[in-house]
Amino acid sequence: MNFSAADTLTGPTLTLVTLLVGLAALFVAVGWRAVRFLRVRRGISAGLRDHDAGVRVAAVLQAAEIGLTSTAPALLKAVREERDPSVLAAVVRTVAARQWEPASTSGIVELRLWARAYSGKHPEVRAASQSEPMLPGIAGAVPPPSLDPGRAEEFRTRSDQVPELVVVTPRVPATQVVSPWLAPDPDPLHPTTVLVTGAGGPAGVAVIRALLAAGHQPVALDADASAVGLRLTEQSHVVPRYDDPSYLAALVRAATVSSAQALICTVAEEYPALLPAHPYLEESGVRTLMPSRAAVEACLDKWAFAGLMTTAGLPGPATGLGSATGIPGPWVVKPRYGRGSRDVHVVATSTRLRALIGAVPDPIVQTQLTGREFTVDALVDTTGVVVAASPRWRLETKGGISTKGETFEDEEVTNVCSLVLKAVDLIGPANVQGFVAEDGGVVVHEVNPRFSGGLPLTLYAGADVVGEYLRAILGLPMRPDRLVARPGVRMMRHFCEVFEG
């Protein structure tokens with residue numbers, strides 16, 4: 001009696017063999033598809049380098065068939081070297097036709113930025129066909145172009161690829177401090193996803209905590225992978241510095257993948273990069289409310305700010321650029337462009353003064369102010385009205401950040417600071433720093449167009465400047481009754497640690 005091999009396999013053994021054969025067939029099929037896909041991608045890359053423009057256009061169309069997720073890097077490389085208008089137009093049309101693809105890679109975002117700028121500079125590209133979405137946007141179909149064609153060159157990117165976003169897993173929940181003097185919101189916002197830049201600084205952390213306390217979803221962004229704010233939110237990304245050519249693409253991608261609806265900037269130096277990016281952010285679904293470039297520059301340039309104060313007839317310290325000629329001592333020497341207390345020196349002797357003028361980069365010299373030092377946390381609406389001005393004494397500072405403070409009321413301080421903000425023509429958040437002299441005179445020496453490091457005191461005292469600013473970003477009116485800080489509230493800061501490893 002003869003038996004085949006199959007006759008000896010019964011029950012579980014036969015089932016196992018069948019499963020193994022099926023898995024082997026599956027692995028072979030997947031492997032073959034992977035090899036074939038790799039060959040197709042290599043063929044597209046080769047086609048994009050062909051001397052015949054028709055072949056290059058065909059390669060672009062083939063790239064569209066398999067999607068931008070895998071072909072965006074090759075297309076980006078091609079458009080940086082391509083000179084034939086027909087090929088460039090084909091890339092623009094391909095990007096526009098693939099608007100439904102999620103911005104899952106920085107390559108897709110950068111390719112869309114290029115296509116958006118190119119189509120703005122070459123309107124003839126949009127006239128080819130009514131059946132195609134000829135206007136590429138950033139994260140989806142968009143209305144007619146909002147970009148000035150002459151601004152295309154602002155968004156040139158470097159030749160290498162934009163680095164992928166680094167996602168930091170949150171380690172600890174952020175402490176949420178709620179003011180006992182702020183009544184429950186009768187008209188609260190729906191939970192909103194908000195990008196917060198500068199998550200490693202005291203202002204960024206304070207904004208994140210305030211948003212969490214209100215039930216919103218902050219997305220922490222910082223160029224430093226070790227920034228503590230990245231550990232306090234469910235979503236966070238390490239992005240390039242604001243002066244990196246790839247900053248915009250990384251920011252737009254972070255906005256898209258997180259479905260962010262608003263952006264709060266806590267680093268004033270970022271504004272020059274963010275302001276021209278406004279149309280791109282809006283097309284990504286992100287709303288912003290930022291001051292003008294002129295206002296930001298007037299604050300960042302301490303020499304320009306001193307001149308503005310003099311022109312407006314407002315009280316400020318005597319100031320000299322690179323010289324103490326005509327400036328009464330004792331003196332303060334500081335960089336013309338600087339942050340916090342970096343390279344800021346108080347000088348009592350002329351010998352030391354000369355040495356510091358030669359050592360501090362691009363120095364300005366000011367008469368040292370005396371009296372009680374204060375900061376006013378302010379909020380200005382889009383019409384220029386100062387809707388919040390909450391003063392606090394800087395009882396103790398370390399590294400330029402208030403570590404002990406107390407809220408107070410003073411009509412003269414509020415009035416002078418409001419006049420300064422109007423002279424600068426700021427909108428949005430600001431902190432105004434100055435001194436109250438023994439005779440009651442108020443002198444302002446600095447304005448920062450952002451939330452301050454001492455913001456937690458103002459929030460705890462009952463002035464919800466973060467919540468009302470978010471309302472303004474979303475197009476709603478700010479409510480002055482929710483922007484009044486209780487005087488006499490004192491803050492003492494302490495360290496708080498986050499551990500990893």
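- Closest approach of Leu353 and Ala324 over heavy atoms only: CD2-CB, 3.4 Å.
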Verify side-chain contact (heavy atoms from CB on, under 4.5 Å) between Glu468 and Leu476, making sure each step is shown before the conclusion.
CA-CA 9 Å; Glu468 294 304 302; Leu476 299 172; over 6 Å; no
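- Side-chain contact check for Arg392 and Ser452: at least one donor-acceptor pair (N or O, by modelled atom type) lies under 3.5 Å.
- Remark: Asp222 CG to Thr197 OG1 distance equals 8.5 Å, nearest 0.5 Å.
- The minimum heavy-atom distance between Ile108 and Ala72, with the atom names listed, is N-CB, 3.9 Å.
- You'll find the ring centres of Phe451 and Tyr469 inside the 6.0 Å limit.
- Side-chain contact between Leu88 and Val79 is present, with at least one heavy-atom pair separated by less than 4.5 Å.
- Here the NZ atom belonging to Lys404 is positioned 8.0 Å from the CE atom belonging to Met492, to the nearest 0.5 angstrom.
- Without hydrogens or angle criteria, Ser390 side chain to Thr458 main chain gives no donor-acceptor distance under 3.5 Å.
- Proximity of Leu182 to Arg482: side-chain heavy atoms (C-beta onward) are separated by under 4.5 Å at one or more points.
- Side-chain contact of Asn431 with Asn448: a donor-acceptor pair under 3.5 Å is present, judged by distance alone.
- Phe305 is linked by a ring pair (Phe, Tyr, Trp, His ring centres under 6.0 Å) to nothing, counting only residues two or more places apart in sequence or in another chain.
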Apply side-chain contact (heavy atoms from CB on, under 4.5 Å) to residues Thr370 and Glu438 and explain how you reach the verdict.
CA-CA 8 Å; Thr370 59; Glu438 291 184 2; over 6 Å; no
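- Note: Tyr460 OH to Thr407 OG1 = 11.0 Å, rounded to the nearest 0.5 Å.
- Between Arg231 and Glu500 a salt bridge is recorded (basic side-chain N to carboxylate O distance below 4.0 Å).
- Side-chain N or O atoms of Ser236 include one that pairs as donor or acceptor with a backbone N or O of Leu230 at under 3.5 Å.
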Dump the intermediate steps for side-chain hydrogen bond (donor to acceptor under 3.5 Å, both in side chains) on Arg394 and Ser402, then the final yes or no.
CA-CA 6 Å; Arg394 290 163 64 92; Ser402 178; 5.4 Å; no
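- A side-chain donor-acceptor contact under 3.5 Å links Thr403 to the backbone of Glu396.
- Proximity of His445 to Phe435: side-chain heavy atoms (C-beta onward) are separated by under 4.5 Å at one or more points.
- Here the closest heavy-atom approach between residue Pro363 and residue Val333 is recorded as CB-CG1, 4.1 Å.
- Under the 3.5 Å distance criterion, with hydrogens and angles disregarded, a donor-acceptor pair is assigned to the side chains of Tyr337 and Asp301.
- Formation of a donor-acceptor pair under 3.5 Å by the His237 side chain with backbone atoms of Ala254 is not found in this model.
- Using a 4.5 Å cut-off on side-chain heavy atoms (C-beta onward), Pro391 and Asp410 make no contact.
- Considering only heavy atoms from C-beta on, Trp114 stays 4.5 Å or farther from Leu75 through its side chain.
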Please test Val413 against Val432 for side-chain contact (heavy atoms from CB on, under 4.5 Å), starting from the C-alpha separation and ending with a verdict.
CA-CA 10 Å; Val413 169; Val432 185; over 6 Å; no
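- Annotation for Val376 and Cys417: closest pair CG2-SG, 3.6 Å, computed over non-hydrogen atoms.
- For the pair Val347 and Pro330, the tightest heavy-atom approach, listed with the atom from each and the gap, is O-CB, 3.4 Å.
- In this structure, Leu459 CG and Arg209 CZ are separated by 9.0 Å, a value rounded to the nearest 0.5 Å.
- More than 12 heavy atoms of other residues, nucleotides or ligands lie within 6.0 Å of CD in Glu81, so this atom counts as buried by the packing criterion.
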Criterion side-chain contact (heavy atoms from CB on, under 4.5 Å) on Val442 and Phe374, from CA distance to verdict:
CA-CA 10 Å; Val442 179; Phe374 69 83; 3.8 Å; yes
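- Taking a cutoff of 4.0 Å between a charged side-chain nitrogen and a carboxylate oxygen, Asp185 and Arg479 qualify as a salt bridge.
- Side-chain contact of Ser323 with Thr325: a donor-acceptor pair under 3.5 Å is present, judged by distance alone.
- A side chain to side chain contact (heavy atoms under 4.5 Å, CB included) with Val420 is found for one member of Asn415, Val444, Leu308 and no other, namely Val444.
- Residues Val194 and Val219 form no side-chain contact, since every pair of their non-hydrogen atoms from C-beta on lies 4.5 Å or further apart.
- For the pair Val365 and Val332, the minimum side-chain heavy-atom distance is 4.5 Å or more.
- In this structure the side chain of Arg287 never reaches within 4.5 angstrom of the side chain of Gln261, judged on heavy atoms.
- One finds the OG atom of Ser258 at 5.0 Å from the CG atom of Leu195 (value rounded to the nearest 0.5 Å).
- Nearest heavy atom pair, residue Thr319 against residue Ala306, reads OG1-CB, 3.7 Å.
- From Tyr271, atom OH reaches atom CG of Leu300 across 10.0 Å, with rounding to the nearest 0.5 Å.
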